[in-house]
Amino acid sequence: MTFTHTPPTVALQSLIAGQWRDASGEAYTTHYPHDNSTVSVLNAATRDDVDEAVAFAQSARLKPNWAGLKAHERSAILYRIAAGIRSQAEELAQWQRLDNGKPINETRALVASAAGTFQYFAAACETLEDTITPARGDFITMSLHEPLGVVGAITPWNSPIASEAQKIAPALAAGCAVVVKPAEITPRMAIELAKIAQQAGLPDGILSVLAGKGSVVGDQLLRHPLIKRVAFTGSTSVGLAIGKIAAEKLMPTSLELGGKSPTIICADADLDHAVAGVLFGIFSSSGESCIAGSRAFVHRRVYDEFKKRLIAATQTLRVGNPMSERTQMGPLITHSHRQSVEDYVALGLKEGGKILVGGQRPSGPEFDAGSYYLPTIFENLDNQSRTCREEIFGPVLALLPWTHEDELIAQCNDNDYGLAAGIWSQDYKTIWRIGKALQTGTVWVNTYKTFSISTPFGGVKMSGTGREKGRMSIHEYMNQKSYYWGTNDQPLPWSQS
Ligand code: NAP
Ligand code: MG
């Protein structure tokens with residue numbers, strides 16, 4: 001298959017009740033952020049579509065061809081899904097590029113990570129063990145796990161295939177049926193994953209994909225009595241609303257939400273590595289990343305030198321066409337999202353910030369139609385300013401000097417979010433002390449934005465609850481059930497015999 005900048009528009013269908021078909025809602029189109037061309041046309045799902053998909057999923061999951069499978073048999077399907085992703089890796093990467101405008105090198109990495117996720121959960125699925133707990137009487141005690149039932153997955157637009165794989169793979173490994181609601185504007189990856197899963201032998205109805213609006217499809221999924229868990233990745237405002245609805249039916253959720261992550265540069269840091277880390281941490285994915293390192297705290301002793309090197313490195317970043325393998329930063333997702341980033345830059349200036357680099361759109365005909373914005377660095381902002389407190393979700397970094405470690409830690413933690421942090425230093429004791437004091441779900445030391453599926457991920461504070469990844473996350477999709485087996489005929493205290 002040859003990929004061009006503006007391929008013909010593709011008609012997409014939803015997978016509802018085991019059938020590929022047009023959903024019942026209105027038709028809408030999705031657009032390539034590079035040039036705003038239409039890449040797909042599809043119908044939005046309705047509340048009735050959700051009800052139908054969930055009811056079908058509930059009956060499908062109880063059938064012997066799913067409920068009767070042993071863990072190693074489910075695992076075999078997951079391995080085949082991983083292989084299916086790998087066999088179509090290039091197409092998937094290109095489609096994701098068209099869906100959300102990320103540079104091709106990045107979407108290739110996301111596709112590879114999705115395949116790795118299915119492989120990892122295939123292996124975990126057949127090696128997880130239930131436990132026999134130490135008996136404290138004349139009985140054998142066991143702690144077993146059984147699938148929760150039908151679960152929902154609601155995902156954002158910034159890394160579709162990876163965030164969908166992180167939810168679908170452990171849920172299938174657990175023996176659940178999954179209904180996925182991808183972001184309205186990036187439906188394609190979930191749809192392609194479902195095709196691959198079908199080809200891998202996943203029974204009909206065990207995976208459904210319903211594209212459409214969060215306020216309709218997502219809301220209906222959340223409220224449906226047969227949906228037993230929802231895994232959500234997205235903004236803190238929507239996550240809070242989801243948490244409230246889930247609480248009304250005592251439904252467990254995982255909420256992977258926003259961030260305003262600090263990166264700390266100590267005076268003894270290897271400055272070249274730290275510059276590269278900060279650059280990658282904030283500007284890869286055009287800053288549209290929950291873990292974007294958007295506040296860089298630089299020790300005063302090295303502040304000027306670091307600033308000089310960072311500006312120079314930022315000016316060399318290659319912003320441009322996502323199809324090019326040379327491109328490091330593509331466009332933002334939509335024009336309206338770019339507008340919100342521009343509003344934040346205007347706010348930053350009003351709050352006293354000084355722009356060191358960027359602060360505007362790139363110029364040139366190749367940028368005219370797309371939603372491009374240049375990597376932007378502020379200094380002179382107060383950590384209390386809104387620009388430093390709120391998630392911008394774009395390529396905007398605030399540089400902040402620090403001197404005393406206790407003040408540094410207080411400033412890093414003085415934020416509603418708590419997703420991730422980076423520390424650049426050569427001294428293990430300093431790293432350990434600071435890392436322990438940071439209120440975040442992840443700490444990166446002399447690296448940033450590196451990921452492994454085997455390591456749990458999630459946030460604290462307003463960055464969310466629950467964890468994804470890690471083999472034990474399969475248990476998030478399972479009920480824990482305790483068994484007590486009497487081992488003799490000893491009468492119980494109230495026995496009449
Ligand atoms: P979003 O607006 O919160 O949307 C996320 C998903 O929720 C979309 O599928 C959306 O549907 C759906 N949704 C919206 N309103 C809903 C409702 N009332 N009920 C149920 N579902 C609803 O987030 P986004 O703008 O797509 O993505 C950016 C955000 O995601 C950022 O805040 C970022 O930090 C966060 N994020 C977090 C992580 C993490 O792991 N912590 C990873 C990536 C991104 P629509 O398509 O209709 O909007
Ligand atoms: Mg949104």
Side-chain angles (χ1 to χ4, degrees), residues 25-26 28 30 42 44-45 47 50 99-100 102 110 113 152-167 179-190 209-224 227 230-246 251 253-261 282 284-294 332-334 336-337 339-341 344 390-394 415-420 440-442 449 451 453 455-469 473:
E26 294 196 346
Y28 73 97
T30 69
L42 68 165
R47 288 183 188 270
V50 174
D99 247 15
N100 75 352
K102 279 196 169 183
L110 288 171
S113 96
I154 302 178
T155 54
W157 44 260
N158 61 328
S159 302
I161 197 166
S163 34
E164 279 138 25
Q166 274 167 39
K167 295 168 175 55
V179 181
V180 183
K181 203 302 272 181
E184 186 189 18
I185 55 177
T186 57
R188 180 118 194 214
M189 286 300 108
V209 177
L210 286 87
K213 286 204 180 309
S215 54
V216 178
V217 183
D219 186 74
Q220 188 70 4
L221 258 184
L222 283 164
R223 295 177 194 274
H224 198 293
I227 291 288
V230 165
F232 172 80
T233 300
S235 60
T236 292
S237 57
V238 174
L240 277 172
I242 285 177
K244 285 180 193 159
I245 295 169
M251 177 178 71
T253 55
S254 54
L255 302 172
E256 301 283 358
L257 310 178
K260 192 77 187 179
S261 300
I282 180 64
S284 59
S285 311
S286 302
E288 293 171 330
S289 167
C290 54
I291 46 175
S294 46
L332 297 175
I333 184 78
T334 57
S336 66
H337 183 56
Q339 186 58 55
S340 97
V341 171
Y344 267 113
E390 298 177 14
E391 185 184 48
I392 299 175
F393 219 59
N415 194 277
D416 291 340
Y417 294 110
L419 196 55
T440 63
T442 295
K449 235 180 160 183
F451 266 131
I453 187 64
T455 306
F457 174 76
V460 299
K461 304 199 289 191
M462 286 296 171
S463 291
T465 60
R467 293 291 178 268
E468 289 191 340
K469 305 185 175 181
S473 64

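The analysis underlying the following values was restricted to heavy atoms, covering all of them including side chains, and did not include hydrogens, waters or symmetry mates. Start at 1 and go down the list; that is how both ligands and their atoms are numbered.
Classification of Asp219 and Lys213 as a salt-bridged pair fails, no side-chain N sitting under 4.0 Å from a carboxylate O.
Judged as a salt bridge (Lys or Arg N to Asp or Glu O under 4.0 Å), not a single pair has a partner in residues 234-243 (not counting sequence neighbours).
Scanning for ring pair (Phe, Tyr, Trp, His ring centres under 6.0 Å) contacts around Phe393 gives Trp157, with sequence neighbours left out. With sequence neighbours excluded, no residue forms a salt bridge (charged side-chain N to carboxylate O under 4.0 Å, His left out) with Lys181.
Residue-environment remark: NZ (Lys461) exceeds the threshold of 12 foreign heavy atoms within 6.0 Å.
Closest non-hydrogen pair, Leu255 versus Gly239, comes out as CD1-O, 3.7 Å.
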Quick check on ligand 1: any N or O pairs to the protein under 3.5 Å? One line per pair.
{"from": "ligand 1", "atom 1": "3 (O)", "to": "Ser235", "atom 2": "N", "distance (Å)": "2.7"}
{"from": "ligand 1", "atom 1": "3 (O)", "to": "Ser235", "atom 2": "OG", "distance (Å)": "2.6"}
{"from": "ligand 1", "atom 1": "9 (O)", "to": "Thr155", "atom 2": "O", "distance (Å)": "2.7"}
{"from": "ligand 1", "atom 1": "9 (O)", "to": "Lys181", "atom 2": "NZ", "distance (Å)": "3.0"}
{"from": "ligand 1", "atom 1": "11 (O)", "to": "Lys181", "atom 2": "NZ", "distance (Å)": "2.8"}
{"from": "ligand 1", "atom 1": "11 (O)", "to": "Gly214", "atom 2": "N", "distance (Å)": "3.4"}
{"from": "ligand 1", "atom 1": "19 (N)", "to": "Gly214", "atom 2": "O", "distance (Å)": "3.3"}
{"from": "ligand 1", "atom 1": "23 (O)", "to": "Ser235", "atom 2": "N", "distance (Å)": "3.4"}
{"from": "ligand 1", "atom 1": "25 (O)", "to": "Trp157", "atom 2": "NE1", "distance (Å)": "3.1"}
{"from": "ligand 1", "atom 1": "26 (O)", "to": "Trp157", "atom 2": "NE1", "distance (Å)": "3.2"}
{"from": "ligand 1", "atom 1": "30 (O)", "to": "Gly234", "atom 2": "O", "distance (Å)": "3.3"}
{"from": "ligand 1", "atom 1": "32 (O)", "to": "Glu391", "atom 2": "OE1", "distance (Å)": "2.6"}
{"from": "ligand 1", "atom 1": "34 (O)", "to": "Glu391", "atom 2": "OE1", "distance (Å)": "3.3"}
{"from": "ligand 1", "atom 1": "34 (O)", "to": "Glu391", "atom 2": "OE2", "distance (Å)": "2.5"}
{"from": "ligand 1", "atom 1": "41 (N)", "to": "Leu257", "atom 2": "N", "distance (Å)": "3.2"}
{"from": "ligand 1", "atom 1": "41 (N)", "to": "Leu257", "atom 2": "O", "distance (Å)": "2.7"}
{"from": "ligand 1", "atom 1": "46 (O)", "to": "Lys181", "atom 2": "NZ", "distance (Å)": "3.3"}
{"from": "ligand 1", "atom 1": "46 (O)", "to": "Glu184", "atom 2": "N", "distance (Å)": "2.7"}
{"from": "ligand 1", "atom 1": "47 (O)", "to": "Gly214", "atom 2": "N", "distance (Å)": "2.7"}

